[in-house]
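The basis for the numbers below is simple: all heavy atoms, side chains too, and nothing from hydrogens, waters or symmetry mates. All chains are named by letter (A, B, ...) in the order of the sequence lines, taking the proteins before the strands, and each is independently numbered beginning at 1. Just so it is clear, the model here is predicted, and its values are computed rather than measured.
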Amino acid sequence: MDNAQTDTILEIKDLSVSFDVYGSISHVLDGVSFRVNRGQRVGLVGESGCGKTTTLKAILNVLPPNAILNKGEILFEGHNVFTMVDRQLAEMRRTGAGMIFQDPSSALNPVFSIKQQFMAALKYAFPPNTPPKELYEIAVKALEDVMMPDPERIMNSFPYQLSGGMRQRVCIAMTIAAGRKLVLADEPGTSLDVTIQDQIMRLIDRLVQENDLSVIMVAHSLGVIREFTSYVNIMYAGTLVEGGKTRDVFENPRHPYTIALMACVPKLTGEGIAEGIPGRVPDYTAPPTGCRYFPRCPYAQEICRAKKPQPVEIDPGHWVSCYLANEVS
Amino acid sequence: MAEKILEIKGLKKYFPLPNGQVVKAVDGVDLELYAGETLGLVGESGSGKSTIAYVLVGMYEATDGDIIFKGDNIAKTGLHRTLKQRGDIQIVFQDPGSSLNPRRTIEQSIMVPLEIHTSLSKQEAKKQVRKLLEEVGLPSEVAEGYPRTLGGGERQLVSVARALATNPSFMILDEPTSALDVSVQAKVINKLIDLQKEFRLSYLFITHDLSLMRNVADRVAILYLGRLCELASTADFFQKPLHPYTQMLLSSVPVATTEEEKMKPVKVLSTGEIPSPVNVPPGCAFHLRCRHKKPICLREQPTRREIFPGHYVWCHLFEQKESPGSGK
């Protein structure tokens with residue numbers, strides 16, 4: 001899957017994004033680089049506020065107006081989304097990449113029927129001269145695909161008449177129906193009950209397989225990432241600290257943050273819960289110099305404060321941004 | 001056996017709707033709680049977990065049934081309880097962002113229960129606030145700050161300190177960490193475990209996270225549509241989940257290690273959704289999603305059966321003590 005023949009659909013290179021919040025600058029993303037190959041499922045894991053969603057928004061070039069792109073580029077099928085002209089950008093959003101949001105209740109507009117919203121989404125995604133009847137049929141077919149009972153009735157419903165799980169199915173149907181190649185899934189199951197989350201994850205799994213899609217799955221649940229992705233990036237405070245094949249990273253985490261994070265997750269085997277990670281996520285207006293994790297890191301040394309560590313490949317395809325990568329385990 | 005401090009018998013809480021329908025949020029729940037234990041209450045949204053909590057704490061009056069707390073029936077009292085009873089049962093809510101008043105300093109927030117429940121002078125109360133903050137592991141300087149200056153985990157610990165102010169013996173933790181990140185959750189949970197030992201507290205720990213439950217609860221009760229499905233010691237429960245719903249629930253948990261994978265019983269694919277508590281299906285509430293349903297499940301509500309000592313299940317499949325999915 002990661003061999004040289006597979007082509008790259010998305011490549012993020014050294015992405016750094018800040019936000020201007022009433023004059024004080026928050027330096028959120030700092031040098032984020034990763035790539036997604038065609039057909040690959042890449043996970044992006046991290047805690048609240050670490051920049052996962054900012055990364056996804058940057059890919060679609062829908063960052064809020066107060067965002068500042070310091071440096072870096074995002075190549076979607078070889079074209080930089082930040083320098084695309086409007087027409088190319090629209091084309092990329094229409095047929096290239098689409099997003100599934102965390103909260104299906106706020107992703108749908110409460111005052112429009114599913115039909116109105118679905119048709120609007122499809123009108124945008126398909127050529128302008130497509131007859132509405134055809135779009136309607138595509139929508140109904142898409143709702144059938146996400147296993148919605150009685151899609152015609154659903155089309156005439158309003159979001160409040162649907163359960164959370166059904167709303168998320170509608171959102172997924174809207175994203176997939178347009179035939180996009182890359183799906184950006186931003187915690188698609190987090191706001192749902194565990195049995196419904198399981199259904200939604202299986203649904204996405206099936207659709208990805210059937211339609212040969214590439215996925216970036218953002219989650220803070222390590223379980224979801226382990227079960228769904230083949231490659232994973234661990235994010236801490238706007239930087240990527242570790243990445244590799246999901247199995248390698250989960251079985252042999254090497255960055256002190258990854259190790260601590262995994263220890264904090266309550267296990268079904270019931271061996272108790274680790275102490276947690278001391279300290280707090282840094283203040284982005286004045287992030288630590290060097291490694292952003294060093295103030296909380298039990299292994300921190302002088303060099304960690306002085307200079308940002310570069311990714312080191314410790315096993316084939318498994319890299320860690322840490323000076324102590326070979327000593328910590 | 002530890003002393004029984006709480007006994008819930010046939011608890012029902014119905015909410016009438018304007019159109020004449022009735023939301024049966026809690027529909028006949030029996031539970032007991034012993035001194036110093038943690039009883040985990042697990043269920044999906046809409047299963048009635050929080051309603052049970054709110055009835056216990058007096059925010060709602062029960063529609064029917066009894067709640068015997070230390071010898072007194074408090075099911076129908078609502079908030080008209082003695083000061084002692086109110087102080088004795090405390091609650092920590094899910095979202096520390098909205099359970100603390102943003103315009104009060106931490107000190108002011110914790111002072112309120114002290115003013116109502118103790119006879120401390122203002123000076124003594126201020127001292128007590130700092131002592132409580134230290135108990136939950138926060139520096140006493142926190143007292144002068146406002147909730148916005150604290151992180152989510154610290155805010156939740158402030159809520160815990162406020163709940164401890166009345167010196168309760170029974171604390172309801174309503175999803176206390178579901179709004180927190182795992183690294184923060186770990187700190188809060190460990191603190192709660194320490195406090196329980198120190199003050200000999202009994203916890204009713206409400207959560208939808210089975211992995212968390214595995215690590216904190218002594219016993220687990222599974223709720224579905226306002227009724228219990230299964231009740232067992234945590235070890236028994238995770239070794240041999242019996243009810244088809246609990247098997248489905250456990251199968252659905254995404255896990256981070258291969259060892260945990262082995263903790264899952266036969267993989268039961270999750271199907272269907274929890275019906276509305278306005279239209280609770282007749283018979284067993286779970287039969288619409290159950291792979292093993294029999295004609296009787298559509299007609300009769302299952303009653304409690306003790307399959308192993310202390311391991312109860314509400315399911316028609318267990319008339320002959322058979323387990324669905326066993327031998328597969």
Side-chain angles (χ1 to χ4, degrees), chain A residues 45-50 147 149 162-166 169 189-203 219-228 236 246-247 249-251 253 257 260-281 296, chain B residues 42-47 150-154 177 179-191 193 207-217 224 234-235 238 245 248-264 267-276 289:
Chain A
V45 187
E47 296 181 275
S48 324
C50 75
M147 316 221 296
L162 307 178
S163 67
M166 286 163 93
R169 282 168 201 271
T190 307
S191 63
L192 306 169
D193 278 315
V194 58
T195 56
I196 306 301
Q197 167 170 297
D198 185 48
Q199 295 174 18
I200 292 292
M201 293 308 295
R202 276 190 282 133
L203 172 69
H220 63 252
S221 160
L222 293 173
V224 166
I225 293 293
R226 190 184 74 94
E227 295 182 0
F228 186 82
Y236 175 78
T246 305
R247 181 191 292 192
V249 174
F250 275 74
E251 283 178 6
Y257 174 67
L261 185 68
M262 288 192 176
C264 288
V265 178
K267 306 284 187 307
L268 268 187
T269 39
E271 52 233 36
I273 298 172
E275 270 306 303
I277 303 176
R280 265 204 235 178
V281 179
R296 304 174 75 180
Chain B
V42 180
E44 294 181 269
S45 25
S47 63
L150 302 176
E154 292 162 319
T177 58
L180 307 176
D181 276 318
V182 283
S183 69
V184 179
Q185 163 173 289
K187 276 187 262 188
V188 174
I189 293 294
N190 282 311
K191 198 69 212 168
I193 293 171
T207 181
H208 57 254
D209 184 343
L210 282 169
S211 315
L212 180 60
M213 188 57 65
R214 175 76 177 93
N215 292 284
V216 295
Y224 187 80
T234 307
F238 282 92
Y245 173 60
M248 180 192 283
L249 200 59
L250 204 52
S251 302
S252 300
V253 179
V255 293
T257 61
T258 35
E259 292 81 63
E260 289 172 90
E261 210 76 67
K262 293 172 198 145
M263 295 297 297
K264 294 187 182 184
K267 176 78 182 168
V268 180
L269 290 185
S270 152
T271 52
E273 295 189 6
I274 188 166
S276 153
R289 298 172 74 182

Nearest 0.5 Å, please: how far is NZ in Lys267(A) from CE in Met263(B)? 13.0 Å
Under a 4.5 Å heavy-atom cut-off, does chain A meet the side chain of Leu249(B), its backbone, both or neither? both
Counting heavy-atom pairs closer than 4.5 Å to chain B, which one of Gly276(A), Ala263(A), Ser48(A), Gly189(A) comes out on top? Ser48(A)
Measure distances from Glu47(A) to the heavy atoms of chain B and classify the residue's part below 4.5 Å as side chain, backbone, both or neither. both
My understanding is that only residues two or more places apart in sequence, or in another chain, count here; which of them pass salt bridge (charged side-chain N to carboxylate O under 4.0 Å, His left out) with Arg296(A)? none
Euclidean distance, Glu271(A) CD relative to Asn215(B) CG, rounded to 0.5 Å: 7.5 Å
For the OG atom of Ser183(B) and the NE2 atom of His220(A), what is their distance to the nearest 0.5 Å? 11.0 Å
For chain B, the option from Ser221(A), Pro266(A), Gly164(A) that forms the most heavy-atom pairs under 4.5 Å: Pro266(A)
So which residue, Met213(B), Gln185(B), His208(B), Arg289(B), ends up with the most heavy-atom pairs under 4.5 Å with chain A? Arg289(B)
Closest non-hydrogen atoms of Leu150(B) and Arg280(A), given as atom of the first, atom of the second and distance, are CA-NH2, 4.3 Å
So for atom CZ, which belongs to Arg247(A), do other residues, nucleotides or ligands contribute more than 12 heavy atoms lying within a distance under 6.0 Å? no
First locate atom CD1 of Ile273(A), then atom CD1 of Ile189(B), and finally report the distance between them rounded to the nearest 0.5 Å. 5.5 Å
Looking only at heavy atoms, which two atoms of Lys187(B) and Ile277(A) are closest? And how far apart? NZ-O, 3.0 Å
Using non-hydrogen atoms and a 4.5 Å limit, figure out which bit of Ser276(B) sits close to chain A: side chain, backbone, both or neither. neither
If I take atom CG from residue Asp198(A) and atom OG from residue Ser270(B), how far apart are they, to the nearest 0.5 angstrom? 5.0 Å
Please examine the side chains of Leu268(A) and Leu250(B), heavy atoms only from C-beta on, and report whether any two atoms are closer than 4.5 Å. yes
Residue part contacting chain A, namely of Leu180(B), when any heavy atom lies under 4.5 Å: neither
In terms of heavy-atom proximity below 4.5 Å to chain B, should Pro149(A) be classed as side chain, backbone, both, or neither? neither
Nearest 0.5 Å, what's the CG-OG distance between Asp193(A) and Ser47(B)? 8.0 Å
Taking Met166(A), Met201(A), Met262(A) one by one, which has the highest count of heavy-atom pairs under 4.5 Å against chain B? Met166(A)
4.5 Å side-chain heavy-atom contact, Pro254(B) and Val194(A): yes
With a 4.5 Å cut-off on side-chain heavy atoms, are Arg214(B) and Thr269(A) touching? no
Can you run down the salt bridge (charged side-chain N to carboxylate O under 4.0 Å, His left out) pairs that involve residues 251-262 of chain B, sequence neighbours left out, and say none if there aren't any? Arg226(A)-Glu261(B), Glu261(B)-Lys264(B)
Relative to chain B, which segment of Gln197(A) carries a heavy atom at a distance below 4.5 Å: side chain, backbone, both, or neither? side chain
